[in-house]
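Since the structure comes first, as structure tokens, the remarks are kept for the end.
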There are 2 protein chains.
Amino acid sequence: MPQGESGADARSARPTMKDVAALAGLSIKTVSRVVNGVSTVDPELATRVQDAARKLGYRPNLTASNLRRSDGRTLTIGMLVEDAANPFSAALMRAAEDIARSRGVLVLFGSLDEDPARERELVEALLDRRVDGLVMVPAGRDQSYLAAEQQAGTRMVFVDREPGLLGADAVVSDNRQGAITAVEHLLAHGHRRIGYLGDQITIPTAAQRFDGYQYALEYARLPLDPDLVRHDLHSTEAAEEAVEQLLALPEPPTALFTSQNLVTIAACRALRRLRKHQEVAMVGFDDFPLADILEPGISVIAQDADALGRIAAQVLFSRLDGDTSATRTMTVPTRLIPRGSGELTPRSVRA
Amino acid sequence: MPQGESGADARSARPTMKDVAALAGLSIKTVSRVVNGVSTVDPELATRVQDAARKLGYRPNLTASNLRRSDGRTLTIGMLVEDAANPFSAALMRAAEDIARSRGVLVLFGSLDEDPARERELVEALLDRRVDGLVMVPAGRDQSYLAAEQQAGTRMVFVDREPGLLGADAVVSDNRQGAITAVEHLLAHGHRRIGYLGDQITIPTAAQRFDGYQYALEYARLPLDPDLVRHDLHSTEAAEEAVEQLLALPEPPTALFTSQNLVTIAACRALRRLRKHQEVAMVGFDDFPLADILEPGISVIAQDADALGRIAAQVLFSRLDGDTSATRTMTVPTRLIPRGSGELTPRSVRA
DNA sequence: CTGAAAGCGCTTACAG
DNA sequence: CTGAAAGCGCTTACAG
């Protein structure tokens, strides 16, 4: 005979609908109706259910209801970023979290550290948990392995970088235009030798920014001097060393365009050590805290990480709500913030 | 007759064990054994299952297996922090993620923004999803509502702040000692009027840091001048204004102790605007990026956020592994990093 | 070593 | 408006 009394193992310590039904003297179907807010329940019975639920400390088991439910929703989405501890990733996550929360959805997260193998592992781990959808900054360049999953109905939105070999929604910054704006700003202040310091060129955003750098020089009919270009600066040390090497050239650059957050900070540090921070101009891609407080303040091309994360989540939910229009890439504009470092002029001009 | 063919609705597009079993011509129990790596399966049958699974793109449904499984594990934990976008919270999350990942566990996160109501909502949302455990930075001062859940077997570890009215494991920084170290450092450099700028005093860590400030002054037999103490500086504007007011006093402080990250940064900004950053000494609680590059560099009491997050996750998993020893609070030491701002001496000493 | 039956906690589809 | 039966995808407990 089913009783409110449960077995001895740990899991049964948590009351179920059956326990609530037994205490209220009703069927579990009626309890289910009350828990789910179905309006066609006798108010008196509803009260009995609510009292019993409160008394037992009953909480619905979402994972069980999801299993049987026709929409199959877990009210959970997955979010994969480069590194949860990095300010840009953290801002993306927080923005997506807020959109999700407004719909009662929670976010599972994972850091990929630019490792395609990890991307696949974590995607599988998320899918095994039957997340309703995925927001991700891809680490690899090939997401075709997700095609079957997409067919199976899992919604996915890419953010910061477009997917490779897969048609899916994406929300990205206007990287190329941002880089063009940065370089043209330096050109407008009289610079003709502008160094490029960038992250791994295999990262799509890095490639797009480098492309913008090239285009701006070409448009100004200036030659691209390969000695002034340094890629693959993934560590702080590598970036600082690259700055030192560039400035030790017979014809050193009078300005630098740094294509990413950490590279920009490393360059600041190197210029200060060389005591050239009031002399060599610099514009960085990506804003960072305290950029305004340094002397000179660091001019940057700011990305709107909040908007990227927010829009990506909104697109995901609109897909979950049934939007079946063609997938597309949305571009979020960047913004030049002049703070001093980008407005330094070369000696030749100042003289 | 059960066939590999499925119905038309979205969820059935994803193959189940039943589909794999049908294709392999075996029972679903055998498929289950292979999927779970049970060794007592005929190698030939195991191969048949694996082939069928690969062909269908089968992925196990973790949420279904969890429902029936005797350990009831979801391989998912919940982590609630102050704000995922804040560097300290982000570092906690990343550290916990790494520990969890090494055990095949994923992390659901949520930001509380110091709101106790949100704390309760998100805790419920996590429990409804049957997370194996919880790591949290509590927003409210009373966690007694979790007692029943703790009884029911949910493991929980508090980080950065101890729980209120609940016996549970906690991992915290040595806030009081850190504050004492900061103030004694300033005293050792000749300061006698040291201002205190802090966040809401209702936050336990803020209270502990203020306590350390008071103790250090008392130990040095110096009076505590209430004019030099400002609490509740939760916004940047409030913090900057407080600095201005303190420095406008007839007898202004010659040094400041700022009890938190954002307050420290706001104070830097205010001192720079007043052109007193080379004159008024400062030690901040909590390190932050670029603190070393400012001029002067900002001396801080650094917390080890990585260690806090890592240890909290490790304690949680040791509990999940069956450790039933008495709950306890672990304290992670802080470290003074002198960078210049804390070593400025008051005029009277320099003269 | 393999499989048919029962059940995890819930919802669906259907009678009353 | 209420409830008994069946089933979501899987594992347990038990036969063979």
- Give a yes/no on whether any side-chain N or O of B:S70 is located under 4.0 angstrom from OP1 or OP2 of D:dT12. yes
- Item | Phosphate OP1/OP2 of D:dG9 contacted by B:T16 side-chain N/O (<4.0 Å) | no
- Message: Using OP1 and OP2 only, check whether a side-chain N or O of A:S27 sits under 4.0 Å from D:dT2.
- Response: no
- Item | Nearest to side-chain heavy atoms of A:K29, which nucleotide of D:dT11, C:dT12, C:dC10 | C:dT12
- Rounding to a whole Å, what distance do you find between A:R129:CZ and D:dG9:P? 19 Å
- Interatomic distance, A:D71 CG vs C:dT11 P [rounded to whole Å]: 11 Å
- Within less than 4.0 Å of OP1 or OP2 of C:dT11, is there a side-chain N or O belonging to A:N36? yes
- Measure the distance from CG on A:L67 to P on C:dT11 and round it to the nearest whole Å. 11 Å
- Query: Under 4.0 Å: is that the gap between some side-chain N or O of A:Y58 and OP1 or OP2 of C:dG9?
  - Reply: no
- side-chain N/O A:S65 vs C:dG9 OP1/OP2, d < 4.0 Å: no
- Query: How long is the line joining NZ of A:K18 and C1' of D:dA5, in whole Å?
  - Reply: 15 Å
- Item | C:dG3 OP1/OP2 closer than 4.0 Å to side-chain N/O of B:T30 | yes
- Item | Base paired to C:dA13 (Watson-Crick or G-U; both N/O distances under 3.5 angstrom) | none
- Note on the structure: Whole-Å distance, A:N66 CG to D:dG9 P, equals 10 Å
- Message: For D:dG3, does the base pair up with any side-chain atom of A:R33 as donor and acceptor (N or O, under 3.5 Å, distance only)?
- Response: yes
- Message: So does A:I28 get a backbone contact from the side chain of A:S32, meaning a donor-acceptor N/O pair under 3.5 Å?
- Response: no
- Would you state whether a donor and an acceptor, one from the side chain of A:R69 and one from the base of C:dG9, lie under 3.5 Å apart? no
- Task: Write down the distance between CG (A:N61) and C1' (C:dT11), rounded to a whole number of angstrom.
- Result: 13 Å
- With both distances under 3.5 Å as the test, what is the Watson-Crick or G-U wobble partner of C:dA4? none
